[in-house]
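Every heavy atom of this structure was used, including side-chain atoms; hydrogens, water molecules and symmetry mates were not. Keep in mind that this is a model prediction, so the values were computed, not measured. Chain naming here is simple, since letters A, B, ... match the order of the sequence lines and numbering starts at 1 in each.
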Amino acid sequence: MFMYLARRLGVSLLVLWLIATITFLLMHSLPGGPFTGEKRLPEAILKNLEDRYRLGAPLWQRYRAFLGNLVRFDLGPSYRYLGKDVNQILAEAFPVSATLGVLALALAFGLGIPLGIQGAVRQGSFFDQLIVIFTALGMSLPTFVLAPLLLYLFALKLGWLPPALWGGPAHLLLPVVSLAVLPTTLVARLVRGSVAEVLPAEYLTLARAKGLAEGVVLNRHALPNALIPVLAYLGPLAAGVLTGSFVIERVFALPGLGEHFVASIYNRDYGLIMGVTLFYSTLLVGLNLLVDLLCACLHPRFALLHRRGGGY
Amino acid sequence: MRKRGRAIGYLLLLLLLVSFPGCTLLEGEENILHYNLGPEPETLDPALAVGEPELTAILAAFEGLTRLAPGGEIVPGVARDWQVSPDGCTYTFYLREEARYCNGSPVQAEDFVYAWRRVLAPETASRYAYQLYYIKNAALYNSGQLTDPEQVGVRALDAHTLQVELEHPTGYFLSLVAFPTYFPVCREVVEADPEGWWLNPGTYVGNGPFKLEEWKGRQRLRFSRNENYWDAANVALAGLEFTLVEEPATELALFESGEMDLASHLPAGELARLAEEGRLEKVQDLAVSFYFINTTRTAPLANPLVRRALAQAIDRRELVTYVTGGGEEPALALVPPGITIGGKDFRREGGDYLVDGDAAGARRLLAEAGYPGGEGIPTLELLLPDSSEYRRLGEAIQEMWRRELGLDVTLVTREWQSFFSTMMEGDFDLAAVAWNADYLDPSSFLDVFLSGGGNNFTGWANSRYDELLAQARATLEPAARRELYHRAEELLLAEMPLIPLYFPVRHYLQVEDLKGVYFTPLGLVDFKGAVLSGQ
């Protein structure tokens with residue numbers, strides 16, 4: 001187990017380094033720069049900017065300086081928000097996205113799992129059909145349609161909720177719902193599929209034959225196995241949802257991370273591009289690792305697999 | 001179903017668990033104007049700011065030697081009076097003794113000297129440093145060719161007298177000093193924390209009508225009336241609250257739900273509806289939307305006749321009615337209306353240099369140039385920034401050229417920065433731009449087309465044109481200067497290295513109670529004179 005953990009950690013660091021390097025190179029191959037405006041500046045001013053923000057140095061020198069800062073967990077300054085560090089910008093924006101994300105995840109799992117189970121248990125029933133329709137709708141409705149629609153309906157037409165901005169709990173409702181719809185439908189479909197798959201399994205027939213009530217069969221025997229795929233999906237889902245959505249944060253004017261993913265590239269804010277990319281990758285890699293470990297702990301087959309060093 | 005109920009209960013519980021800090025209320029909460037600034041300011045340092053949100057916020061918190069007032073009039077700011085030497089090169093400003101920063105310290109001539117040298121110092125790396133290049137030796141000092149700041153032509157004769165020496169007579173210098181890059185800063189707070197003094201309301205010390213109380217990340221800026229401002233008696237608002245919403249549709253939703261008093265970034269798709277409802281208001285921007293023509297890439301475009309044919313075949317009236325649809329004025333010259341020289345509006349005085357939508361005339365020009373019916377002209381590339389407004393306009397013009405002149409034009413859309421570098425490399429036949437004035441003078445537009453100018457992407461060079469502009473610069477008498485500018489503009493439009501399209505306007509919505517907000521010609525919003533009635 002320890003070897004497995006060490007290997008996974010090593011691979012994760014390698015992946016992060018690769019991501020950092022590729023992003024760094026790609027970013028600098030884009031035309032323009034952080035100070036390109038609507039008008040071309042006089043040469044003297046461009047030179048002053050290059051000197052002050054060290055944009056004139058050769059790429060390898062800047063790469064070395066970047067890596068040097070990175071190992072000290074310093075992502076350097078933003079080129080757009082003058083006087084601010086990328087660390088500071090991430091620290092301001094992440095809590096907003098994370099709050100939305102945690103609530104959306106809670107909603108997705110709290111709603112998606114029961115719906116999926118019910119769908120699987122009552123396969124083919126009217127209720128199941130409803131779930132299928134709901135999930136198909138949720139998956140095909142893009143957030144840039146859903147979010148403005150919810151805003152128009154609940155904030156402008158009905159006037160029940162504030163249309164935008166970051167404030168009290170009421171401000172959270174529409175963005176959280178918009179954010180949760182897709183993961184909820186994904187979770188519901190996943191659960192429905194995997195529960196439906198285990199229900200006819202022989203060990204469940206055995207459990208029923210022993211005389212156990214259907215509820216016990218479901219909760220104690222079917223679910224632990226059926227939910228493992230859901231758990232495996234939790235890692236990437238959580239990383240995606242916690243780091244925010246550009247569309248939702250833009251529509252509801254929330255000061256989260258999502259906006260930075262897109263805006264930093266438009267702005268050629270080199271520091272911030274690296275910051276958000278690495279932050280997201282670290283979260284993704286870390287959560288995947290965590291989920292894998294959880295799976296290993298929960299699932300005897302996984303554990304066995306790795307104890308033997310890879311093969312069956 | 002019980003499970004779903006439990007899930008919702010769970011969510012509500014979670015919502016309650018997340019705690020939110022309450023807001024502290026300023027005095028007279030209902031007398032605070034709510035406006036959406038747009039994106040988070042990159043900086044609030046007058047020396048470094050270049051964008052509209054930054055400059056608008058700075059205009060609330062600071063004041064220059066002069067202010068611009070409605071009608072483009074120049075009124076006293078920190079300077080109560082001034083004198084111009086007969087050669088137009090030396091300005092002496094007499095500062096108000098009662099001018100104060102919000103921390104109570106006096107605003108003195110030395111502060112301007114300090115602030116302007118700071119803008120020009122190479123290590124400050126101010127992007128708008130060129131706004132100060134009119135001052136003697138300013139450009140040399142900024143480029144590092146001169147290292148002694150004492151040589152820059154600005155000095156304090158005494159605490160309340162500032163003397164400025166210019167490189168050339170500059171007729172619009174009094175409007176320049178109303179621009180944020182020229183604002184004074186409080187030396188002690190800036191020197192205490194040069195990189196971050198403007199990030200913190202406690203050290204953001206300005207001398208303007210309002211004082212920064214709070215800057216909450218990408219959420220909002222709150223200002224209160226600056227009681228130390230010399231003209232505080234004429235500031236009616238108790239404060240300002242700027243939200244930082246980037247999406248125009250969301251800004252409109254906030255206005256519609258009563259959370260904004262003024263909304264000036266409106267979604268293009270809603271303008272027609274708002275205009276129909278009679279709520280939409282507009283002001284003329286000092287800007288022009290046009291296409292650069294690359295005169296050096298293909299043989300046909302090197303010919304002024306072809307260029308004029310392209311310009312003449314466009315029906316601008318149709319464009320502003322059906323494509324932009326916001327009540328814009330068709331541009332039949334380069335310089336937009338709104339610039340006054342010697343008491344007369346430059347555009348109205350000069351008139352038009354181009355016939356709009358004259359397809360027959362355009363066809364004649366094309367035939368005269370040797371390309372009858374567009375034969376022999378290769379497919380032209382129209383380079384556009386990636387935005388739906390540019391694209392819709394481009395498509396309409398593409399169709400007009402195809403229909404009227406038989407020309408094939410392909411639209412090439414690029415993300416903004418990539419667009420800009422493609423344009424700089426000259427890799428286009430036509431490129432769409434909107435040019436905003438930097439200062440209140442026709443030269444802010446005409447200088448673009450100087451031979452070898454940094455923003456002249458047309459490859460067009462004309463020594464007669466350069467000469468006319470140089471002559472105008474050296475001419476003190478306003479009417480004579482205006483005449484020279486008109487002749488330069490006429491020459492430019494006869495040669496047509498650009499295709500003028502329309503003069504953009506700025507649209508806004510405001511609540512009925514609000515009066516006196518001033519949209520300056522340079523696109524900033526001045527809240528000094530704003531009044532929310534019923535207070």
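Most heavy-atom pairs under 4.5 Å with chain A: of the set B:Met424, B:Glu259, B:Glu415, B:Glu195, this distinction falls to B:Glu415. Heavy-atom pairs under 4.5 Å with chain A were tallied for B:Thr422, B:Thr43, B:Leu254, B:Leu48; the largest tally goes to B:Leu254. Looking only at heavy-atom pairs under 4.5 Å with chain A, the residue among B:Gly217, B:Ser257, B:Ala434, B:Gly196 that has the most is B:Ser257.
One N or O on the side chain of B:Gln417 and one on the backbone of A:Gly33 form a donor-acceptor pair closer than 3.5 Å. No donor-acceptor pair closer than 3.5 Å links the side chain of A:Asn48 to the backbone N or O of B:Thr124.
From A:Ile45, atom CD1 reaches atom OG of B:Ser126 across 6.5 Å, with rounding to the nearest 0.5 Å.
With a threshold of 4.5 angstrom between heavy atoms, A:Leu151 approaches chain B through side-chain atoms but not through N, CA, C or O. For A:Leu49, the parts lying under 4.5 angstrom from a heavy atom of chain B are both the backbone and the side chain. Contact annotation for A:Lys47: neither backbone nor side-chain heavy atoms come within less than 4.5 Å of a heavy atom of chain B.
Under the 4.5 Å side-chain criterion, counting only non-hydrogen atoms from C-beta, B:Glu247 is not in contact with A:Phe252. Inter-residue side-chain proximity for B:Leu199 and A:Lys84 is flagged as met; some heavy-atom pair is nearer than 4.5 Å. You'll find the side chain of B:Arg218 stays beyond 4.5 Å of the side chain of A:Glu92, heavy atoms only. Between A:Arg52 and B:Glu123, every side-chain heavy-atom pair lies at or beyond the 4.5 Å cut-off. Taking the side chain as every heavy atom from C-beta outward, A:Leu82 and B:Trp198 approach each other to under 4.5 Å.
Under the 6.0 Å distance and 45° angle rule, A:Lys39 counts as a cation-pi partner of B:Trp435.
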